[in-house]
Amino acid sequence: MGFDFANLFSVALGAILVNNFIFSQFLGICPFMGVSKKIDTAAGMGIAVTFVMGLASAICWPINELLLHFDLAFMQTVTFILVIAALVQFIEMFLKKSMPSLYEALGIYLPLITTNCAVLGVVLQNTQNSYDFITSVVYGITGGLGFMLAIVIFASIRERLTFSECPKAFEGFPIALMTAGLVALSFMGFSGLKVF
Amino acid sequence: MNPKKQLMDGLFFQNPVTVQLLGMCSTMAITTTLFNGLGMGVSVLIILTLSNILIAALRKIIPNNIRIACFIVVIAGFVTIVDLMLQAFIPALSKSLGLFIPLIVVNCIILGRAEAFSYKNSIAASTLDGIFQGLGYTIILIIMCVIREFLGGGTVMGGLLEINQETGQLVFGLGTAAGIRVLPEAFPALGMILPVGGFLTLACLIAAMQYILNKPKKAKKTEEVAK
């Protein structure tokens, strides 16, 4: 087995820190802003997204091979979004039956993952970079972990933000965006990081 | 049907980005040059209008339980069409927007309008809604592009116009032109082109919007108190 662990490691590190989905690629901003008011729900969302991103990468890889085999590459977007929608629906039903506690903790955020552009984004990036199966799955999972890291950091800042005073016009959403901008600035510090 | 109200709502009072807070990923990600912003805005406008028309036409056939899935298939179909058209006719735009063209599928504006408007209204009203909401999105993109390009790169009209070094004439270059330099090269803050700039510019725009929208309400409230 010729696993290139160095390569996998650099893909993982890139997905978590250097090319963080939120702070450097702008994917998945909607749930990032919407579900980051409390650390608990933010962590729940992060776990759910990580799970779906990993699974979607794994399932879409053979499907993409099939599409390429039949010369149907132009159907990629339509197929992938349907696969993701079906996958999220399936996970919802599965969790409801077998893990009701986790299902209740995730609540409304589970169906919302369908329209999270990070999930479709990771699948499309896998095909564009023509990653092999293992790399795709690693990229999906670590991308999700990067999302989770970002949303948990941001939620913990935002919990304190509610007690701080700011100009009237900036209250609520704009000041949160400003904060996100500053966190993004600090994540730029990782941009020089390179493995091997 | 009330076209005038729809126009004002789309452009201002219910602007998809600054008031409804939808579709922020693309708003922040691609607004680095005017060319990108304009291209993205027009693409979304076309897709939004077409999908609004089709969903309004099919609204009595689509079963309520699986409507979201149906919307997504309709939207994905139109996105694929626009994606392929751009690759064929404006490859420069397709290249610089990259991943964000297929990602229009999950742009919340389009799904949001399908759910909130065209699933409940007539074809004519939905068409207008698509055009006006699309225009509102495009205008915000253009404002963001102009601000970020000016502060971050010191140029305007990037990707559309440039001044030829030798002849000194304005040259039109789709996607290749470097833009007209306004600030000397030493001045611009590169950060405004980077992700940070996107967050900060959008925050300021939304804050300005909140400030404007809250003003008349406050005036009314003080009047009521005075009475």
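Chain letters run A, B, ... following the sequence lines, proteins first and then strands; every chain starts at 1. As a basis for the values below, the full set of heavy atoms in this structure was taken, side chains included, without hydrogen atoms, waters or symmetry mates.
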Please examine the side chains of B:Cys25 and A:Gln25, heavy atoms only from C-beta on, and report whether any two atoms are closer than 4.5 Å. no
For a side chain to side chain contact (heavy atoms under 4.5 Å, CB included) with B:Phe199, tell me which candidate from A:Leu185, A:Val183, A:Ile29 qualifies. A:Ile29
Comparing B:Asp83, B:Leu200, B:Leu99 against chain A, the one with the most heavy-atom pairs below 4.5 Å turns out to be B:Leu99
Taking C-beta and beyond as the side chain, do A:Ile84 and B:Val106 meet within less than 4.5 Å on heavy atoms? no
Distance check, rounded to the nearest 0.5 Å: A:Thr77 atom OG1 versus B:Leu103 atom CG? 8.5 Å
Let me know if B:Leu205 has heavy atoms under 4.5 Å from chain A in its side chain, its backbone, both or neither. neither
A:Met33 vs B:Leu21, test: side-chain contact (heavy atoms from CB on, under 4.5 Å). Steps then yes/no. CA-CA 10 Å; A:Met33 301 305 291; B:Leu21 307 175; over 6 Å; no
Under 4.5 Å to a heavy atom of chain A? For B:Leu202 that would be both
Atom CD1 in B:Ile75, atom CD1 in A:Ile81: separation rounded to 0.5 Å? 9.0 Å
Checking A:Gln128 against chain B: side chain, backbone, both or neither under 4.5 Å from a heavy atom? side chain
I would like to know whether B:Ile81 and A:Phe74 meet side-chain contact (heavy atoms from CB on, under 4.5 Å); could you show each step before the answer? CA-CA 9 Å; B:Ile81 294 171; A:Phe74 63 90; over 6 Å; no
To the nearest 0.5 angstrom, please state how far the CG atom of A:Leu124 sits from the CD1 atom of B:Ile101. 12.0 Å
Under a 4.5 Å cut-off applied to non-hydrogen side-chain atoms, are B:Asn214 and A:Lys168 in contact? no
Within a 6.0 Å radius of atom CG on A:Asp132, are there more than 12 heavy atoms belonging to other residues, nucleotides or ligands? yes
Looking only at B:Ala208, B:Pro102, B:Ser26, B:Gly98, most heavy-atom pairs under 4.5 Å shared with chain A are made by B:Pro102
Among A:Phe187, A:Phe26, A:Phe23, which residue meets the side chain to side chain contact (heavy atoms under 4.5 Å, CB included) test with B:Pro195? A:Phe26
So which heavy atom on B:Ala203 is nearest to which on A:Met178, and how close? CB-CG, 3.7 Å
Side chain, backbone, both or neither: which part of B:Ile30 has a non-hydrogen atom closer than 4.5 Å to chain A? neither
Check each atom of A:Met75 against the heavy atoms of chain B and say whether the ones under 4.5 Å are side chain, backbone, both or neither. neither
Side chain proximity check, B:Met209 to A:Phe173, heavy atoms < 4.5 angstrom: no
Per-residue contact mode, A:Leu82 against chain B (heavy atom under 4.5 angstrom): side chain
Is B:Ile206 in contact with chain A via its backbone, its side chain, both, or neither, using a 4.5 Å heavy-atom distance? both
